[in-house]
Amino acid sequence: MEFYEVLRRRRSIRAYAQEAVPEATLKLLFEAVSLAPSACNNQPVRFLFVTDLAVRRRLCECYPRDWLAGAPVLVVALGNRETAWRRFNGQSAHVIDAAIAMEHLVLAAAAEGLGTCWICAFDQDQARQALRLPDCWEVVALTPLGRPAAEPAPQTRKPLAEIIERLA
Ligand SMILES: Cc1cc2nc3c(=O)[nH]c(=O)nc-3n(C[C@H](O)[C@H](O)[C@H](O)COP(=O)(O)O)c2cc1C
């Protein structure tokens with residue numbers, strides 16, 4: 001799919017078919033994640049692709065939605081607050097780095113005809129417990145991954161004039 005077509009077609013999908021994501025497609029998505037830029041190229045990220053049913057069920061407790069539990073893959077984007085570059089005020093860039101890699105995944109999935117949905121409104125403590133993560137890792141976002149089972153309702157965007165300003 002042409003790049004701008006991918007951008008136009010990508011939507012947050014909240015209904016998934018049960019069928020597994022082919023291994024060859026997963027490999028393309030792994031590459032898309034690894035190609036993401038990160039501050040100082042520190043790459044302080046880890047992406048968990050969870051297909052194991054028991055782990056998915058445990059993880060879904062942090063954001064209990066039928067459409068999440070029904071997806072064949074759950075992806076967890078982690079950022080490492082210890083290995084990430086820090087701004088001069090000490091603020092760690094791990095959330096920015098993980099978010100960029102997550103959006104690479106989201107767009108690559110759209111290009112492959114797969115659906116995703118950024119999820120940040122999950123219970124952090126429950127997600128951490130489900131994954132038994134060391135303290136340095138923050139769960140930045142989750143997304144289901146799979147073939148969309150329904151078209152989402154049309155979405156609107158603010159007019160360009162509200163979000164773009166040209167200081168020429
Ligand atoms: C940082 C971020 C967090 C989000 N968290 C959630 C979430 O917790 N649950 C959810 O259903 N959608 C979540 N979304 C999806 C947004 O609701 C969605 O992107 C927005 O409504 C625009 O719709 P579209 O993605 O279909 O264009 C999130 C999106 C972003 C970028």
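Note that these values count all heavy atoms, side chains included, but never hydrogens, waters or copies made by symmetry. Indexing begins at 1, ligand by ligand and atom by atom, following the structure's order.
- Residue L142 is not grouped with residue V73 when hydrophobic side chains (ILVMFWY) are merged at heavy-atom distances under 4.5 angstrom, including chains of intermediate members.
- C117 counts as a contact of ligand 1, since one of its heavy atoms falls under 4.0 Å from the ligand.
- Summary of contacts: the protein heavy atom closest to atom 17 (O) of ligand 1 is R14 NH2, 3.3 Å.
- Both tests pass for R65 against the ring of Y63: distance under 6.0 Å to the centre and angle within 45° of the axis.
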Working for ring-ring contact (aromatic ring centres under 6.0 Å, His included), residues F49 and F30: CA-CA 9 Å; F49 284 72; F30 299 163; 4.8 Å; yes
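- Crowding of E162 atom CD: a count of heavy atoms from other residues, nucleotides or ligands under 6.0 Å exceeding 12.
- In this structure, Y63 is part of the shell of residues with a heavy atom less than 4.0 angstrom from ligand 1.
- By the 3.5 Å distance cut-off applied to N or O atoms, I119 is not counted among the residues near ligand 1.
- Which parts of ligand 1 touch R157 is read off a 4.0 Å heavy-atom cut-off, strictly below it: atoms 22 (C), 27 (O).
- Among all non-hydrogen protein atoms, the one lying nearest atom 20 (C) of ligand 1 is Q155 NE2, 4.1 Å.
- Ligand-side atoms of ligand 1 in range of R11: 24 (P), 26 (O), 27 (O), range being under 4.0 angstrom from any heavy atom.
- Shown are V106, T25, L105; of these, the side chain to side chain contact (heavy atoms under 4.5 Å, CB included) with L114 is made only by T25.
- I119 and L133 fall within a single hydrophobic cluster, where Ile, Leu, Val, Met, Phe, Trp and Tyr side chains are chained together by heavy-atom contacts under 4.5 Å.
- The shortest contact between atom 18 (C) of ligand 1 and any protein heavy atom is with S12 OG, 3.4 Å.
- Any N or O atom pair closer than 3.5 Å counts here, and W67 shares no such pair with ligand 1.
- With no hydrogens or angles considered, no side-chain donor-acceptor pair links W137 and E82 at under 3.5 Å.
- Residue, atom and distance of the protein heavy atom nearest to atom 8 (O) of ligand 1 are A121 N, 3.0 Å.
- In terms of hydrophobic clustering, with Ile, Leu, Val, Met, Phe, Trp and Tyr side chains grouped at heavy-atom distances under 4.5 Å, L26 and V33 are assigned to a common cluster.
- Under the 4.5 Å side-chain heavy-atom criterion for Ile, Leu, Val, Met, Phe, Trp and Tyr, L48 and V75 are members of distinct hydrophobic clusters.
- Protein heavy atom at the shortest distance from atom 3 (C) of ligand 1 is C120 SG, 3.6 Å.
- Protein heavy atom nearest atom 14 (N) of ligand 1, with residue, atom name and distance: W118 O, 3.1 Å.
- The ligand atoms of ligand 1 that sit less than 4.0 angstrom from a heavy atom of R10 are 24 (P), 25 (O), 27 (O).
- Using a 4.0 Å heavy-atom cutoff, R65 is absent from the residues neighbouring ligand 1.
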